[in-house]
Amino acid sequence: MVKHIIAFSFLFALISLIIFQVSSSSSSEEDDSYIFPSADPLPLLSLRIKPNLTASSCPYTVKIVTSCSSVTRTKDQVSLSFGDVRGNQVYVPRIDDPKSGTFEACSTDTFDISGPCTYDVCYVYLNRRGRDGLMIESVKISGKSTRAVTFNFKSWLPNNVWFGFNYCNGVSGSLIL
């Protein structure tokens, strides 16, 4: 009787492991970007916009997912800044376009931008100015010279404050850039 229980337990564990392996390997890998550990986005005390002093320019794709809990449509101005641990910074003074319906609730907006070449992106900040409000789910940044990264905001953007993540020193925190 004990041998049957042990054999049954072993067989059950083996079948469970096989099912787990099959389901893990058969799931489609839709997003191969690095996702930073969960943390809450934080305000940035000050952001120094660096002039583009380099002759090189690299293309980036930025995908911003607007939450379904956000306002239906916003006319707010949205700026973007991201960069790497070496101080390379990409700055877009106004990424929104109210005429084209960017940042509508439950939408994903894709922006093709160019800026100074960076290594692995480790920080991203958004700045919203206006009355409507905007709730962002996530921001994904990819480019030829950097691996794709995703920052999960899941938060309302405060008005006229740089708001986001800085993992350049291993921890997300607000500081002066």
Side-chain angles (χ1 to χ4, degrees), residues 24-44 47-70 74 76-129 134-157 161-175 177:
S24 295
S25 63
S26 68
S27 65
S28 63
E29 187 73 26
E30 152 182 331
D31 186 1
D32 60 351
S33 70
Y34 179 78
I35 300 174
F36 282 104
S38 294
D40 291 331
L42 296 170
L44 186 66
L47 177 69
R48 290 188 208 117
I49 305 303
K50 299 176 183 177
N52 183 3
L53 301 176
T54 64
S56 63
S57 182
C58 289
Y60 298 94
T61 300
V62 177
K63 290 186 179 183
I64 301 178
V65 178
T66 303
S67 171
C68 294
S69 299
S70 189
T74 186
D76 293 352
Q77 297 178 9
V78 179
S79 302
L80 167 75
S81 179
F82 63 88
D84 65 18
V85 72
R86 296 182 182 189
N88 298 305
Q89 179 189 61
V90 177
Y91 169 67
V92 183
R94 187 153 184 197
I95 201 165
D96 62 288
D97 181 6
K99 294 176 186 174
S100 69
T102 53
F103 303 120
E104 291 182 344
C106 296
S107 68
T108 300
D109 295 298
T110 303
F111 306 94
D112 293 318
I113 59 175
S114 62
C117 297
T118 65
Y119 294 92
D120 287 342
V121 172
C122 56
Y123 77 84
V124 63
Y125 286 96
L126 295 169
N127 186 305
R128 178 191 66 82
R129 287 178 305 284
L134 179 61
M135 185 175 190
I136 298 297
E137 280 295 315
S138 64
V139 175
K140 178 182 178 182
I141 302 165
S142 58
K144 287 185 178 182
S145 64
T146 182
R147 68 179 170 167
V149 293
T150 301
F151 298 86
N152 289 313
F153 276 71
K154 298 182 182 179
S155 183
W156 288 95
L157 297 180
V161 173
W162 286 101
F163 194 66
F165 299 92
N166 183 347
Y167 290 104
C168 295
N169 296 319
V171 227
S172 178
S174 57
L175 50 125
L177 286 177

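In what follows, every heavy atom counts, from backbone to side chain, and hydrogens, waters and symmetry copies are set aside.
To the nearest 0.5 angstrom, Asn166 atom CG is 8.5 Å from Phe151 atom CZ. In this structure, OG in Ser69 is found 7.0 Å from CD in Glu137, a value given to the nearest 0.5 Å. Once rounded to the nearest 0.5 Å, the distance linking OG1 of Thr74 with CG of Leu134 reads 5.5 Å.
Under the 4.5 Å side-chain criterion, counting only non-hydrogen atoms from C-beta, Ile136 is not in contact with Ser67. Looking only at side-chain heavy atoms (C-beta outward), Lys144 and Cys58 stay at 4.5 Å or farther from each other. For the pair Tyr119/Asn88, a side-chain contact is recorded, criterion being any heavy-atom separation below 4.5 Å from C-beta on. Using a 4.5 Å heavy-atom cutoff, the side chains of Leu126 and Val78 are in contact. The shortest distance between side-chain heavy atoms of Ser155 and Phe163 falls below 4.5 Å. Between Val124 and Leu80 the shortest side-chain heavy-atom distance falls below 4.5 Å.
Closest of all the heavy-atom pairs between Val62 and Ile113 is CG2-CD1, 3.8 Å. Closest heavy-atom contact between Pro116 and Gln89: CG-O, 3.3 Å. When every heavy atom of Thr108 is checked against every heavy atom of Lys63, the shortest pair comes out as CG2-CB, 4.4 Å. Looking at every heavy atom in both residues, Val121 comes nearest to Ile141 through CG1-CD1, 4.1 Å. Minimum heavy-atom separation, Cys117 to Ser57: SG-C, 3.8 Å. When all heavy atoms are compared, the tightest approach of Gln77 to Asp96 is CA-OD1, 3.4 Å.
Using modelled atom types, no side-chain atom of Thr146 and backbone atom of Gly143 make a donor-acceptor pair closer than 3.5 Å. Side chain of Ser138 to backbone of Asn152: no donor-acceptor contact under 3.5 angstrom is found. At distances below 3.5 Å, at least one donor-acceptor pair connects side-chain atoms of Asp109 with backbone N or O atoms of Phe103.
Inspection of the Thr118 and Tyr60 side chains reveals an N or O donor paired with an N or O acceptor under 3.5 Å.
Relative ring orientation between Phe153 and Phe165 is described as perpendicular, the plane-to-plane angle rising above 60° on a 0-90° scale split at 30° and 60°.
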| task | With side-chain contact (heavy atoms from CB on, under 4.5 Å) as the test, would you mind laying out the steps for Tyr123 and Asp84 before giving the verdict? | result | CA-CA 7 Å; Tyr123 77 84; Asp84 65 18; over 6 Å; no
| request: Might you work through the side-chain contact (heavy atoms from CB on, under 4.5 Å) test for Ile64 and Phe111, ending with a clear yes or no? | output: CA-CA 8 Å; Ile64 301 178; Phe111 306 94; 3.9 Å; yes
| message | Determine whether Cys122 and Phe82 satisfy the following criterion, side-chain contact (heavy atoms from CB on, under 4.5 Å), listing intermediate values before the conclusion. | response | CA-CA 8 Å; Cys122 56; Phe82 63 88; over 6 Å; no
| task | Check the pair Ser79 / Arg129 against side-chain contact (heavy atoms from CB on, under 4.5 Å), numbers first and verdict last. | result | CA-CA 9 Å; Ser79 302; Arg129 287 178 305 284; 3.4 Å; yes
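For Arg86, the CZ atom counts as loosely surrounded, since its 6.0 Å shell holds 12 or fewer non-hydrogen atoms of other residues, nucleotides or ligands.
Residues satisfying the salt bridge (charged side-chain N to carboxylate O under 4.0 Å, His left out) test with Asp97, not counting sequence neighbours, are none.
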